[in-house]
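Quick one: structure below, then a few questions.
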Amino acid sequence: GSGGKAGMGRVADVLIPQGEIARRVRELGADLARDLTVELEREGSAMDAPGRIVLMPVLTGAVVFVADLIRHMPLMMSMELVSVSSYPGATTESKGAALRGALPKDLAGRHVVIVDDIYDTGQTLSLLQTLIAEQKPASVRTCVLLSKERERLAEAKVEYVGFEIPNAFVVGYGLDYDGFYRNLPEIVVLGEEPE
Ligand code: IMP
Ligand code: MG
């Protein structure tokens with residue numbers, strides 16, 4: 001389409017502008033903080049009890065999102081980064097999900113929040129949810145900025161969704177194509193450069 005990002009190579013149309021992302025991320029943070037507070041109240045934990053809440057952002061796509069999200073979550077929490085490979089190299093097709101490295105081993109009895117950029121085929125989130133459940137956490141929640149309208153290859157439980165988007169390849173706000181475009185402040189649809 002028209003209106004590409006100057007100096008960014010491929011032509012790209014803005015799907016979700018910066019201000020809309022900021023507004024929605026604030027809401028997601030508030031929703032999560034409210035629901036986690038209820039969990040702590042229910043179990044009788046002090047609001048500042050350490051070690052109850054573990055945020056688990058999925059590298060690398062979730063880094064921009066989680067950085068903004070946690071600043072709307074005024075709770076005691078720790079963060080454990082996990083790495084899952086799913087789109088190696090210059091492709092927009094899923095190659096399945098594989099854990100890189102190990103999961104943290106101390107999730108039993110704690111409240112885990114998985115944070116990812118996008119729910120696409122579902123393989124990443126389904127894999128993580130299965131592995132995390134084996135450790136018997138007190139609760140597991142999953143929060144994604146984007147969810148694609150498409151057939152899933154693996155079903156995952158995703159309780160917090162920022163935006164439902166059409167089945168197009170998008171970049172920006174942490175999402176990449178071949179490692180690039182993560183620094184775009186908005187979500188854009190990646191398009192081909194016209195001749
Ligand atoms: P899934 O395992 O197929 O659900 O894919 C999850 C991962 O694939 C996400 O965390 C992203 O890193 C990547 N991904 C899926 N769709 C897109 C997209 O449209 N743009 C960029 N990355 C994507
Ligand atoms: Mg990813």
Side-chain angles (χ1 to χ4, degrees), residues 16 18-87 97-120 122-147 154-163 172-176 182-183 185 187:
I16 312 172
Q18 215 174 337
E20 240 181 90
I21 297 172
R23 182 189 54 75
R24 188 68 186 118
V25 171
R26 178 182 295 270
E27 287 175 354
L28 288 172
D31 288 352
L32 273 163
R34 182 200 58 222
D35 296 348
L36 289 164
T37 299
V38 169
E39 292 275 12
L40 296 186
E41 277 167 356
R42 195 181 289 150
E43 70 184 19
S45 288
M47 283 306 134
D48 58 354
R52 299 303 306 130
I53 298 169
V54 186
L55 239 71
M56 211 175 278
V58 184
L59 291 172
T60 302
V63 296
V64 178
F65 177 38
V66 79
D68 286 341
L69 185 71
I70 56 174
R71 283 177 281 180
H72 300 293
M73 298 175 66
L75 295 167
M76 285 293 281
M77 62 171 72
S78 57
M79 248 205 268
E80 299 277 3
L81 304 169
V82 294
S83 186
V84 177
S85 59
S86 52
Y87 274 70
L99 195 67
R100 286 194 231 169
L103 275 189
K105 285 175 178 58
D106 53 354
L107 304 176
R110 302 166 79 190
H111 302 288
V112 177
V113 182
I114 303 170
V115 181
D116 205 357
D117 49 4
I118 189 166
Y119 179 24
D120 182 26
Q123 294 169 110
T124 300
L125 295 172
S126 163
L127 172 74
L128 281 175
Q129 288 174 2
T130 302
L131 294 175
I132 290 167
E134 288 171 2
Q135 291 192 39
K136 307 257 183 288
S139 70
V140 181
R141 293 178 162 70
T142 299
C143 176
V144 296
L145 181 72
L146 308 173
S147 174
E155 284 298 328
K157 268 189 73 188
V158 184
E159 296 90 351
Y160 305 84
V161 174
F163 301 94
Y173 199 73
L175 293 114
D176 73 301
R182 294 194 199 277
N183 55 315
I187 300 291

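Along the sequence shown, the residues carry numbers beginning at 1.
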**Short side-chain to backbone donor-acceptor contact, Gln135 and Leu107, under 3.5 Å** =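 Confirmed, Gln135 side chain pairs with Leu107 backbone.
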**Item:** From Ser126 atom OG to Leu131 atom CG, the distance as rounded to the nearest 0.5 Å
**Value:**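 These two atoms lie 9.0 Å from each other.
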**Item:** Close side-chain approach of Ile70 and Met79, heavy atoms under 4.5 Å
**Value:**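 Yes, their side chains come closer than 4.5 Å.
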**Message:** When you measure from the side chain of Arg141 to the backbone of Val112, do you find a donor-acceptor pair of N or O atoms at a distance under 3.5 Å?
**Reply:**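 The answer is no, because no donor-acceptor pair under 3.5 Å joins these two groups.
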**Message:** Among residues at least two apart in sequence or on other chains, which ones pass side-chain contact (heavy atoms from CB on, under 4.5 Å) with Arg34?
**Reply:**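 Only Asp31 meet the side-chain contact (heavy atoms from CB on, under 4.5 Å) criterion with Arg34.
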**Message:** Under a 3.5 Å cutoff, is there a donor and acceptor pairing between the side chains of Asp35 and Tyr160?
**Reply:**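 Per modelled atom types, Asp35 and Tyr160 side chains form a pair under 3.5 Å.
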**Prompt:** Does the side chain of Leu40 come within less than 4.5 Å of Met47's, by heavy atoms?
**Reply:**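 Yes - at least one pair of side-chain heavy atoms lies under 4.5 Å apart.
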**Request:** Answer yes or no: is there a side-chain heavy-atom contact under 4.5 Å between Val113 and Met56?
**Result:**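 In short, these two side chains do not touch, never coming nearer than 4.5 Å.
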**Item:** Residue pair Pro57 / Ala62: nearest heavy atoms and the distance that separates them
**Value:**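 Smallest heavy-atom distance, with atoms named: CB-CB, 4.3 Å.
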**Asked** Less than 4.5 Å apart, any side-chain heavy atom of Asp116 and any of Leu145?
**Response**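 They are not in side-chain contact.
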**Prompt:** Between Val115 and Val58, is any pair of side-chain heavy atoms under 4.5 Å apart?
**Reply:**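 Answer no - side chains too far apart.
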**Prompt:** Are Glu20 and Arg24 within salt-bridge range, i.e. N to O under 4.0 Å?
**Reply:**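 So Glu20 does not pair with Arg24 through a salt bridge.
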**Asked** With a 4.5 Å limit on heavy-atom distance, are the side chains of Thr60 and Asp176 in contact?
**Response**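 Not touching, per the 4.5 Å side-chain cut-off.
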**Asked** Could you state the interatomic distance from CZ (Arg42) to OG1 (Thr37), rounded to the nearest 0.5 Å?
**Response**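 Rounded to the nearest 0.5 Å, the CZ-OG1 separation comes to 11.5 Å.
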**Approximate separation, where rounding is to 0.5 Å, of Leu127 CG and Leu99 CG** =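 It is 6.0 Å, given to the nearest 0.5 Å.
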**Item:** Residue list, side-chain contact (heavy atoms from CB on, under 4.5 Å) with Ala138, at least two apart or on another chain
**Value:**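 Ala138 satisfies side-chain contact (heavy atoms from CB on, under 4.5 Å) with Arg52, His111 only.
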**Prompt:** When you check the side-chain N and O atoms of Asn183 and Tyr173, is any donor under 3.5 Å from an acceptor?
**Reply:**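 Side-chain D/A pair, Asn183 to Tyr173: absent.
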**Asked** Does any donor atom in the side chain of Gln129 or Thr142 lie under 3.5 Å from an acceptor atom in the other side chain?
**Response**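 Thr142 and Gln129 do have a side-chain donor-acceptor pair below 3.5 Å.
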**Request:** Considering non-hydrogen atoms only, spot the tightest contact between Leu28 and Gly162 and give its length.
**Result:**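 Closest heavy-atom pair between Leu28 and Gly162: CD1-CA, 3.7 Å.
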**Request:** Determine the minimum heavy-atom distance between Val64 and Arg182, stating which atoms define it.
**Result:**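 That closest heavy-atom pairing would be CG2-O, 4.2 Å.
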**Message:** Can you tell me how far apart CG (Leu175) and CG (Asp117) are? Round to the nearest 0.5 Å.
**Reply:**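 It is 4.0 Å, given to the nearest 0.5 Å.
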**Asked** Can you tell me how far the CG atom of Leu32 sits from the CD atom of Glu27, to the nearest 0.5 Å?
**Response**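 It comes to 12.0 Å.
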**Request:** Report yes if some heavy atom in the side chain of Leu128 is under 4.5 Å from a heavy atom in the side chain of Leu103; otherwise report no.
**Result:**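 Contact flag for Leu128/Leu103 side chains = yes.
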**Item:** Stepwise side-chain contact (heavy atoms from CB on, under 4.5 Å) test for Tyr119 and Leu146
**Value:** CA-CA 6 Å; Tyr119 179 24; Leu146 308 173; over 6 Å; no
**Item:** Inter-residue atom distance Ser139.OG - Leu36.CG, 0.5 Å rounding
**Value:**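 It comes to 6.5 Å.
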**Nearest heavy atoms of Pro74 and Ala33, plus distance in Å** =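 Heavy-atom minimum between the residues: CD-CB, 4.2 Å.
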**Item:** Smallest separation among heavy atoms of Val54 and Glu80, with atom names
**Value:**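 So the two residues come closest at CG1-CG, 3.6 Å.
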**Item:** Worked verdict on Leu69 versus Cys143 for side-chain contact (heavy atoms from CB on, under 4.5 Å)
**Value:** CA-CA 10 Å; Leu69 185 71; Cys143 176; 4.2 Å; yes
**Item:** Side-chain donor or acceptor of Arg71 paired with backbone N/O of Val66 under 3.5 Å
**Value:**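 Not confirmed, Arg71 side chain does not pair with Val66 backbone.
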